[in-house]
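Notes follow the structure.
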Amino acid sequence: MSILQIQDATKVYEGKVTKRALNQLSFEVEKGEFVAIMGPSGSGKTTLLNMVSMIDTLTSGEIIFNGMKPQKLNSEELAYFRRRQLGFVFQDFNLLPTLTVEENIILPLTIDEQPIAVMEERLKYLSELLDLTPILMKRPNEISGGQAQRTAIARALIHQPMLVLADEPTGNLDSNASREVLELLARMNKENNTTILMVTHDPIAASYCDRVIFIKDGEFFNEIYTDDRRQTFFQRILNVLSLLGGHVGDFSSIRLP
Amino acid sequence: MTFLQFAYRNVFRNFRNYAAFFMASFFSVFVFFIYSMLMFHPEIERGFLGEVSIAGMVFAEVVLVLFSWFFIFYSMRAFLEARSKEFAILLHLGMDRNQLGKLVIIETMTIGIFSCISGIVFGFAFSKFFFMIVREILNLNALPLYLSWEPFVLTLFVYLSAFIVISTLSILFTPDIKIRNFIRGPKFVDAAVSYSKRNAILGIILILCGYGLALITTKASIFSYTLLIPVFVTLGTYYFFSDTTLYIIDRLKGHKQFYWKRARMLAIAEQVQILRFNSRMFFIVTLVSTLAFLTVGVLSAMSSYTSQYDKINPIGLIYKGEMDNPYEIEHILSVIDELEFNGISYHMTRFTVMRQTSSYTSNPVEVFRETDINHLLFSYKYPLVNLKSGEAMFIPYSEDSIEKLERTEVKTVLKENNVDLTINSVYPKMFFPTAIISSNSIIISDEDFEKLTNEFEMAPYVEPGYHLFTFDIPNWTETKNVGIDIQQMVARDYLINSEYTLPFYFENAGLNYSYILATYSLLTLIGILVVAVFLLASGSFVYFKIYANLDREKKQFDMLIKVGLSGKELKRLITRNLMIQFFLPWGLAFVHSAFAFYVVQTVLNDVMNLSIVKEVVFSFTMFALIQIVYFFLIRWRYISHVRG
């Protein structure tokens, strides 16, 4: 069963220079899938993510989320939709510096006014799962980048969303922390059956996924599925990227594990 | 593009960013200029402002200058802070610190000159309006507009030099900008909370001590306490913002049931941040607002005093002398002479007042003769007194006492002469000012008065009685030149000796009134302007702080919207944040001033039985309304900034 269907998504930015950021892009994400979107800079990855999270509206086309159309919601309902159905992981973590790690994690539940008992129960479960227990009382400026992103992942998962959207989650991390975070995302996907849609231009990050969708100039370019070995999957991703013909600078330096 | 062009374009192409700083400077110049226009008014030498002294105005002007300098300096700092990212980029591109300093000075001077010119232009345009208000307040016939170079030069000199000095100072005191913190990566705010529990509790205790002292202040203790109370309250307020608030919030955080509910967490954590970095600002705003409230409260109290003056002091001139006062004839004759010379109509009454001892209380009582009293009452056109032998009547010493004495019935004997009396009524109106007669005064019939032949039992030590001369004068405000010599003798004796030694006492209501009116007018002039600047400034302090943090907050709000905070909830969050920043200092200032007025009221009650509650409540309500309007204005600006 597909949890997210994108049909002929088109986005045109009107302005002094008209720009077509998305052009009749269509794909589906199944429940429990871990999907990466790849593409060169300016290919419309972030625009796509904004469309899915309903921060921006499509010029034409449709997004069907779990059988309903979030475009039809008013702004109040949209806020409720986002806080209950979606989880977010950002490139620069976006943790609130004034709150402790613990408080940052339960933030979505607080906004949703859930009972304290539920908060504590989920917090306990997730902090053990993500190995965050020792740093719960610290503040974001007292923890490492990897820990910060793990906190952000915990925050994205605490309200058990239908879909987690990750925007370059490893963009600000070193290779060790990157690997840690990606393994964590993959594990959450396998064990918790969490659906994850990740935008990245790091082929290593993409190689942890079940499927990689390539877009170029806002259009669908190709998609490939994972196989038994991550190394070969990684090689195949690189092959597609070289076909994609983006500039060299778009690829992050290759770091084989 | 030359450097100068660069600075110029910076200012004029991003005028929106500079607008807040510009407005602060503009308003300071505006107020100062209007005030200078009044100060240099060519008719001031002819005493057109009545009794308002030049010295007082100069003092007010200096206060205004100092405060507006501080205000500009503060807004400058906030403004530079808000732009530190821009400066980091410039430094990153290779600009050196001196050039940066030069840039800031050029920009500040551009804004400074611009705001000076527009402040003066608007000031000149509005000065006729201001003169009209002054004319109304001071009851002048006319206050024409004039044109002269002095106010222009003074304003330009004061403010241009202010801008030079302030921009130099703020560059010298700018903390080093760390490029690394601005160019890339997440910007972390050091959010560790630091407070000491000792100071937190000390803050509360000091404030409560101040309030406690205020509550127990009486007329006698006012001088020792009025020095202590401000010290306690000021220190307490400082600790309150630097430690107590943080302490309280930290305690709140312990209660998850409270803290984790309904997104309170967000608002409260944000408050900690705001309080921690702005405790000094909150402190200043609180003190400044307290001063403003006090000024307005005192002004309204004075206005009520001046309007009630007539009622409290019904007699134009009063001369009170001992039985054997050697100056009596000379003084009374000279007063009468002067009154006639000035063509003032009057009605003189001479009282002989006897002191006797009442058997009922065994306290001295002052006894007045019915005929003397009726003589005075007749000139007031008040109902006359008609007493039989053996009857007596209380003389009220204050408005409140009338009701109290009405219910009192006393049978007593005047010990020295064995005169039996029943005191069973009170005269229903006040006809002597409070301090002139004793609070234990009665009227008796002429027959009984004749019987008072034996002197007061403590006679050699306490005067056995006194002569009282009252001059009821319909045009009592015109008497300020009458009896000046006698008035001066009284005043000198008050100054030189700790106890009053003269055998007579003189009071000139018209003269006192003219003093009070002059002080009142001066205070009004100073007060209105200072309060206007204070109010605007304290509001702007808050606004500048908010403005300086806008970028960081906008980013946070963006994230929260993504996570699913609805528009309504966002507004609620912002309202909550702003509300505390706005109303915490002002609320505290309200409470401070309320206690201050409690002190003023007790003292006034003791001294002259005057109520200022109505005026103070009215002016507080006006203030609250202004603040609420101001709050919504800033909230509106803030929300549009965050969303934009």
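Labels below follow one simple rule: chain letters A, B, ... track the order of the sequence lines, proteins then strands, and each chain is numbered from 1. FYI, side chains are in, hydrogens and waters are out, and symmetry mates aren't considered; it's all heavy atoms of this structure.
- In terms of heavy-atom pairs under 4.5 Å with chain B, the best-connected choice from L86(A), L109(A), I106(A) is I106(A).
- Proximity to chain B (any heavy atom under 4.5 Å) is restricted, for N50(A), to the side chain, taken from C-beta onward.
- Expressed to the nearest 0.5 Å, how far CZ of F93(A) lies from CE of M559(B) amounts to 13.0 Å.
- Contact of R84(A) with chain B is not made at all, since no heavy-atom distance falls under 4.5 Å.
- Within a 6.0 Å sphere centred on CD of E77(A), other residues, nucleotides and ligands contribute more than 12 heavy atoms.
- For F90(A), the part lying under 4.5 angstrom from a heavy atom of chain B is the side chain only.
- Between chain B and the residues R155(A), M54(A), Q85(A), H159(A), the largest count of heavy-atom pairs under 4.5 Å involves R155(A).
- A salt bridge is absent between D167(A) and K562(B): the closest approach of a Lys/Arg side-chain nitrogen to an acidic carboxylate oxygen does not fall below 4.0 angstrom.
- For E168(A), the side-chain contact (heavy atoms from CB on, under 4.5 Å) criterion is met by K45(A), Q91(A), T200(A), H201(A), not counting sequence neighbours.
- The line from CZ of R83(A) to CD1 of I561(B) is 12.0 Å long, rounded to the nearest 0.5 Å.
- One finds the CG atom of L560(B) at 6.0 Å from the CG atom of L107(A) (value rounded to the nearest 0.5 Å).
- Looking at heavy atoms from C-beta onward, K555(B) lies in side-chain contact with D92(A) at the 4.5 angstrom threshold.
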